[in-house]
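Here, residue 1 is the first one in the sequence, and each next residue gets the next number.
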Amino acid sequence: MLIREATDEDWAGIRPFFRAIVAAGETFPYVLDLDSDAARAIWYSAAPNRTVVALDDDGTIVGTAKMNNNRDGNGSHVASASYMVDPAHAGRGIGRALCEYSIAWARDAGFRAMQFNAVVETNVHAVNLYRSLGFEIVGTVPEAFRHPREGYVGLHIMHRYL
C-alpha cells in the first residue's frame, strides 16, 4: 500500500466511498446528501494541512485521510485528522496505516498532540484502533450524534500526546 498526497484527479476515486459512508450516517456528522463540491471542500485541506490517499498495489484508491490543525490561534499546536476506508477494502489495515501516517505527519510538523473531536461511540472499530495507537477518551458528549439505528449516542473526544 502506498500513501501519498491527494491530487485533484483523486477525487473521482474518493467520492464514491465518501458518499456511501456519509450517506449511511453512522460515523461522520456531515449532511447526509452533500453534493460533490461541498464534500470535496470539506475533505480537501489546504496547505500546510493535507489530504492523502491510500492506494493498493494496482493503484486503486482504498482509503483517504485529511490532516489539519485542530484549531487556529492558541490551539494550533494540536493536530486532528479524519479517515475513510472504502468499505469494499475494510479489514486490511488501511485505517491503521492512515492513522499511523497522520500521527507521523503531525509529529514531524511540530504538533504537540493530536485530538479527535467527534468519534461516534458506536464506531467501536475506530475507537479500538485509536486506543491501540495511544489515544484516550478524555470526554464524551452525551447524545451528541443521531445514529440512524442506535438513536442518540455519544461523541468521544479522543487525545494523545505526540
Side-chain angles (χ1 to χ4, degrees), residues 1 3 6 14-34 38-45 48-54 61-109 111-162:
M1 177 176 25
I3 298 174
I14 296 169
R15 176 67 176 143
F17 66 87
F18 182 101
R19 181 179 342 137
I21 290 167
V22 171
E26 297 178 358
T27 55
F28 283 88
Y30 299 153
V31 174
L32 300 181
D33 60 350
L34 283 172
R40 188 185 183 290
I42 287 170
W43 200 252
Y44 274 65
S45 296
N49 302 316
R50 52 191 318 216
T51 302
V52 298
V53 291
I61 297 172
V62 294
T64 182
K66 70 177 212 158
M67 300 166 279
N68 50 276
N69 57 308
N70 192 47
R71 297 280 179 251
D72 292 326
N74 288 345
S76 64
H77 58 284
V78 177
S80 191
S82 297
Y83 315 96
M84 286 193 186
V85 174
D86 183 338
H89 300 278
R92 295 178 31 200
I94 298 162
R96 176 173 294 277
L98 286 166
C99 194
E100 289 172 343
Y101 183 96
S102 69
I103 291 167
W105 167 83
R107 187 179 293 118
D108 292 347
F111 290 97
R112 295 176 45 91
M114 190 166 227
Q115 176 178 317
F116 302 143
N117 301 317
V119 181
V120 178
E121 69 182 351
T122 55
N123 188 357
V124 294
H125 294 295
V127 172
N128 290 338
L129 170 61
Y130 303 153
R131 281 185 160 164
S132 76
L133 293 172
F135 287 85
E136 296 179 16
I137 296 170
V138 296
T140 303
V141 182
E143 298 186 0
F145 186 83
R146 190 177 59 239
H147 192 282
R149 288 187 323 280
E150 305 293 328
Y152 292 99
V153 300
L155 285 177
H156 294 318
I157 301 165
M158 299 187 77
H159 175 271
R160 71 160 280 168
Y161 288 104
L162 298 172

Query raised in the report: So does E150 have more than 12 non-hydrogen atoms from other groups sitting under 6.0 Å from CD?
Result: yes
Report task. Report the C-alpha separation of V78 and R71 in whole Å, then their side-chain angles, then the decisive distance to 0.1 Å, and conclude whether the side-chain contact (heavy atoms from CB on, under 4.5 Å) test is met. Result -> CA-CA 7 Å; V78 177; R71 297 280 179 251; over 6 Å; no
**Report entry** Any donor-acceptor N or O pair under 3.5 Å, side chains T122, R149
**Finding:** no
Report summary line: To the nearest 0.5 Å, atom NZ of K66 lies from atom OG of S80 at 8.0 Å
**Report entry** Heavy-atom side-chain contact between V119 and I137 under 4.5 Å
**Finding:** no
Query raised in the report: For the atom pair CD1 (I14) and CZ (R19), what is the distance rounded to the nearest 0.5 Å?
Result: 13.0 Å
Query - Criterion side chain to side chain contact (heavy atoms under 4.5 Å, CB included) against V53, the qualifying member of T64, L98, I3 - result: T64
Query raised in the report: Which atom pair, heavy atoms only, marks the closest approach of G154 to T140?
Result: CA-CG2, 4.0 Å
Query - Interatomic distance, F18 atom CZ to I42 atom CD1 [nearest 0.5 angstrom] - result: 5.5 Å
**Report entry** N70 side, atom CG; N117 side, atom CG - distance, nearest 0.5 Å
**Finding:** 4.0 Å
Query raised in the report: Can you tell if the side chain of I61 reaches within under 4.5 Å of the side chain of D86, non-hydrogen atoms only?
Result: no
Report task. Taking the side chain as every heavy atom from C-beta outward, state whether L155 and V120 have any atom pair closer than 4.5 Å. Result -> yes
Query raised in the report: Would R40 and R15 satisfy side-chain contact (heavy atoms from CB on, under 4.5 Å), going step by step from the backbone distance to the final call?
Result: CA-CA 8 Å; R40 188 185 183 290; R15 176 67 176 143; over 6 Å; no
**Report entry** Closest approach of M1 to G93 (non-hydrogen atoms, all atoms of both residues)
**Finding:** CE-O, 4.2 Å
Report task. Go through the steps for L162 and I103 under the test side-chain contact (heavy atoms from CB on, under 4.5 Å), then give the verdict. Result -> CA-CA 8 Å; L162 298 172; I103 291 167; 3.8 Å; yes
Report task. Check the angle between the aromatic planes of F111 and W105 and answer parallel, tilted or perpendicular using the 30° and 60° thresholds. Result -> tilted
Query raised in the report: Taking everything shown except R107 itself, do over 12 heavy atoms lie less than 6.0 Å from its CZ?
Result: yes
Query raised in the report: Got more than 12 heavy atoms from elsewhere within 6.0 Å of NE2, H77?
Result: yes
Report summary line: Smallest heavy-atom separation, T27 atom then I21 atom, equals OG1-CG2, 3.7 Å
Requested in this report: For the residue pair F116 and Y130, categorise the inter-ring angle as parallel (less than 30°), tilted (30 to 60°) or perpendicular (more than 60°).
Outcome: tilted
Query raised in the report: Where do Y101 and V52 come nearest, in terms of heavy atoms and distance?
Result: CE2-CG1, 3.8 Å
Report task. Identify the heavy atoms of T51 and Y44 that sit nearest to each other, and give their distance. Result -> OG1-CA, 3.3 Å
Requested in this report: Nearest 0.5 Å please: distance from the CD atom of E143 over to the CD atom of E121.
Outcome: 9.5 Å
Query raised in the report: Atom CD in E136, atom CZ in R160: separation rounded to 0.5 Å?
Result: 10.0 Å
Requested in this report: Would you please test E26 and N123 for side-chain contact (heavy atoms from CB on, under 4.5 Å) and show each step?
Outcome: CA-CA 8 Å; E26 297 178 358; N123 188 357; over 6 Å; no
Query raised in the report: Which atoms form the tightest heavy-atom contact between Y83 and W43, and what is the distance?
Result: N-CH2, 3.9 Å
